[in-house]
Number of protein chains: 2
Amino acid sequence: MINDENTPRIRTERRDAAKNRQLILDTAHRLFEQFGVEQVSMNQIATEAQIGPGTLYRRYRNKGELCQDLIKDSVDLFFEDIEEYLKENGQVPPHQKLKEILSFFIRFREKKAQLLTGVEEAKSTNPLKPRTKSPLYAELHQILVELFDEMEANENTYSQSAFKADMVLMALSSDSYFFQKDVRGYSPEEILELLFITFIVK
Amino acid sequence: MINDENTPRIRTERRDAAKNRQLILDTAHRLFEQFGVEQVSMNQIATEAQIGPGTLYRRYRNKGELCQDLIKDSVDLFFEDIEEYLKENGQVPPHQKLKEILSFFIRFREKKAQLLTGVEEAKSTNPLKPRTKSPLYAELHQILVELFDEMEANENTYSQSAFKADMVLMALSSDSYFFQKDVRGYSPEEILELLFITFIVK
DNA sequence: TTGACAAACGGAGAGGTCTCCATTTAGTAT
DNA sequence: ATACTAAATGGAGACCTCTCCGTTTGTCAA
């Protein structure tokens with residue numbers, strides 16, 4: 001039974017730091033609301049919050065991390081919904097569970113479009129793999145893989161669950177999803193259906 | 001029989017402009033070669049070429065467009081290869097032609113990795129859809145759609161060729177492709193095989 | 001209380017993208 | 001040759017991201 005944290009000393013966050021964190025979060029939330037995530041710069045947030053840029057960047061290395069923090073609670077709720085659905089529907093065929101979860105995610109994506117896009121564009125400073133770092137991606141990937149595995153349980157084909165899960169999530173990235181909506185003109189429901197046909201049903 | 005251009009007057013490019021264009025191209029090529037596309041800024045190119053930033057930006061709105069111009073010839077050759085292959089193999093089953101073309105593209109992608117990534121990151125300034133604008137994307141999409149249609153010719157399922165083509169190209173975008181290589185650890189051949197299994201064979 | 005010190009802070013500044021516009025210049029018509 | 005004009009130029013400057021580092025400030029132990 002190991003302690004939750006075994007680092008020598010858990011220095012609690014200083015009071016002024018905590019206050020500033022909340023100030024940043026509030027300011028960002030307000031500015032994002034008012035001008036849209038895309039239009040607001042880190043600079044602007046720092047200025048509006050009356051803190052130095054250094055202070056802002058020491059806490060969030062880029063706007064993506066800030067968005068990540070702003071959306072954290074919603075993400076937690078999202079996964080709770082999924083867990084609950086899966087727990088209550090263990091006997092439902094996996095392809096149906098898969099579809100339902102994609103539907104969950106599409107709704108989530110629609111509701112949190114701007115912040116989610118903000119999170120995904122954290123590529124700056126980062127040498128590679130922006131999406132991997134996001135816990136959202138990793139956790140969702142894990143869930144999809146398990147469902148794909150469940151689907152293939154009887155077949156003896158070479159497992160491509162991980163790859164298929166990556167493809168599905170790729171298809172639901174801001175980039176691809178809004179391309180399908182805005183350029184190809186599909187509705188969220190049509191996109192769900194196309195994903196289902198393409199990746200799930202045989 | 002309409003003339004190739006029916007605009008009132010085709011002002012030919014001024015000599016100094018043409019010279020500058022070549023100067024920019026040469027300078028960019030050299031710097032890209034030396035430091036890598038990613039590491040070279042528009043600023044640096046302008047400075048090195050001894051022209052003002054304004055001059056550079058009036059010709060190429062961003063680094064993506066510059067990369068696009070630098071890679072143009074290779075892209076033309078790439079499509080010539082494809083056309084030739086398709087012309088000579090009209091009777092080959094479509095799924096095989098598809099695989100071959102994906103293989104072509106993967107080789108192309110490997111050879112021109114940096115510039116291709118540079119092209120895809122032209123999202124700045126642009127409100128949306130970076131990939132649509134690229135003629136590479138559009139033309140390749142068209143070819144894939146035709147082959148998917150050919151495959152589905154006998155089946156009477158709801159056509160999803162356009163969507164599938166988008167998904168395949170998404171999977172072969174820098175973002176996804178190098179994620180699969182660097183994080184998932186797949187080789188180009190394995191990626192080709194996974195794409196084939198996922199999108200092409202029934 | 002009072003150091004001591006790590007954490008937090010702020011802002012100067014390096015370097016980037018991109019625009020604007022006064023000025024220069026290549027072609028063209030006279 | 002000369003004048004005209006639209007294209008091309010370049011650099012100042014607005015605004016951005018991000019780092020570095022000297023200074024300030026909570027926190028804790030003595």
Side-chain angles (χ1 to χ4, degrees), chain A residues 7-25 27-28 31-32 35-69 117-127 130, chain B residues 7-25 27-28 31-32 35-69 117-127 130:
Chain A
T7 41
R9 188 83 348 269
I10 287 298
R11 282 217 167 278
T12 60
E13 190 179 34
R14 264 165 56 164
R15 241 199 320 283
D16 56 344
K19 191 163 56 88
N20 255 340
R21 148 186 259 95
Q22 199 52 52
L23 174 60
I24 290 172
L25 253 24
T27 306
L31 290 177
F32 286 170
F35 301 108
V37 174
E38 190 85 3
Q39 296 307 312
V40 177
S41 70
M42 291 293 266
N43 226 349
Q44 201 177 341
I45 295 169
T47 303
E48 189 77 11
Q50 305 197 64
I51 61 175
T55 305
L56 178 52
Y57 275 96
R58 105 181 292 277
R59 204 172 302 275
Y60 301 107
R61 279 197 302 260
N62 51 58
K63 212 165 77 174
E65 290 194 359
L66 214 185
C67 290
Q68 187 120 205
D69 205 5
T117 300
V119 171
E120 288 177 19
E121 279 168 4
K123 86 166 161 41
S124 56
T125 310
N126 231 22
Chain B
T7 42
R9 207 30 45 247
I10 287 296
R11 280 215 168 279
T12 60
E13 190 180 34
R14 262 165 60 164
R15 241 196 321 280
D16 59 341
K19 191 163 56 89
N20 255 340
R21 149 188 254 94
Q22 200 51 51
L23 174 62
I24 291 172
L25 253 24
T27 306
L31 290 177
F32 286 171
F35 302 108
V37 174
E38 190 85 4
Q39 296 307 313
V40 177
S41 71
M42 291 294 267
N43 227 347
Q44 201 177 339
I45 295 168
T47 302
E48 189 78 13
Q50 306 197 65
I51 60 176
T55 304
L56 178 52
Y57 274 97
R58 105 181 290 277
R59 205 172 300 276
Y60 301 106
R61 280 197 302 263
N62 51 56
K63 212 166 76 174
E65 290 194 358
L66 214 186
C67 291
Q68 187 120 203
D69 204 2
T117 301
V119 170
E120 288 177 18
E121 278 167 5
K123 83 171 164 38
S124 58
T125 309
N126 230 21

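None of these values were measured; they are calculated from a predicted model. All values below were derived from every heavy atom in this structure, side-chain atoms included, with hydrogens, water molecules and symmetry-related copies excluded. Note on naming: letters A, B, ... go to the chains in the order of the sequence lines (proteins, then strands), and numbering restarts at 1 for each one.
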- prompt: Heavy atom of residues 47-54 of chain B under 4.0 Å from DNA chain D: which residues?
  reply: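 Only Ile51(B), Gly52(B), Pro53(B), Gly54(B) qualify.
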Partners meeting side-chain contact (heavy atoms from CB on, under 4.5 Å) with Tyr57(A) (sequence neighbours left out):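 Per chain and number, Tyr57(A) pairs via side-chain contact (heavy atoms from CB on, under 4.5 Å) with Met42(A).
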Partner residues of Gln22(B) under the side-chain contact (heavy atoms from CB on, under 4.5 Å) criterion, sequence neighbours left out: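 Leu25(B), Asp26(B).
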task: Would you kindly compare Asp16(B) and Arg58(B) by the position of their nearest DNA chain C nucleotide and give the one closer to the 5′ end?
output: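 This one resolves to Arg58(B).
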field: First of Lys63(B) and Arg15(B) reached from the 5' end of DNA chain C, by closest nucleotide
entry: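 Here Lys63(B) is the residue nearer the 5' end.
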task: List the steps and the verdict of side chain to side chain contact (heavy atoms under 4.5 Å, CB included) for Val37(A) and Thr117(A).
output: CA-CA 9 Å; Val37(A) 174; Thr117(A) 300; over 6 Å; no
query: For DNA chain D, whose closest nucleotide is more 5', that of Val40(A) or that of Thr55(A)?
result: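 That would be Val40(A).
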Partner set under side chain to side chain donor-acceptor pair (under 3.5 Å) for [X], not counting sequence neighbours:
X        : value
Thr27(A) : none
Asn43(A) : none
Gln68(B) : none

task: Would you indicate, yes or no, if dC9(C) has its OP1 or OP2 atom less than 4.0 angstrom from a side-chain nitrogen or oxygen of Arg59(A)?
output: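 Yes, because at least one side-chain N or O of Arg59(A) sits under 4.0 Å from OP1 or OP2 of dC9(C).
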- prompt: Roughly how far apart are Arg59(A) CZ and Asp69(A) CG, rounded to 0.5 Å?
  reply: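 That separation rounds to 9.5 Å.
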message: Applying a 4.0 Å non-hydrogen cut-off, can you work out what Arg14(A) is touching in the nucleic acid: base, sugar-phosphate, or nothing?
response: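 It contacts base atoms.
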- request: Have a look at Asn43(A) and say if it touches a base, only the backbone sugar-phosphate, or nothing, with a 4.0 Å heavy-atom cut-off.
  value: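 Asn43(A): base contact, heavy atoms under 4.0 Å.
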- prompt: Got a sec, which residues hit salt bridge (charged side-chain N to carboxylate O under 4.0 Å, His left out) with Glu48(B), two or more places apart in sequence or on another chain?
  reply: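 Arg30(B).
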message: Test of understanding: with salt bridge (charged side-chain N to carboxylate O under 4.0 Å, His left out), list the residues that count as partners of Arg58(A), not counting sequence neighbours.
response: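 For Arg58(A), no residue satisfies salt bridge (charged side-chain N to carboxylate O under 4.0 Å, His left out) once neighbours in sequence are set aside.
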Between the protein and nucleotides 1-3 of chain C, which nitrogen or oxygen pairs are less than 3.5 angstrom apart?
none

- prompt: Of the nucleotides dG27(C), dC9(C), dT19(D), which one has an atom closest to the side chain of Tyr57(A)?
  reply: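 Closest of the options to the side chain of Tyr57(A): dT19(D).
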field: Of the listed nucleotides dC18(C), dG27(C), dC9(C), the one nearest the side chain of Asn62(B)
entry: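 Selected nucleotide: dC18(C).
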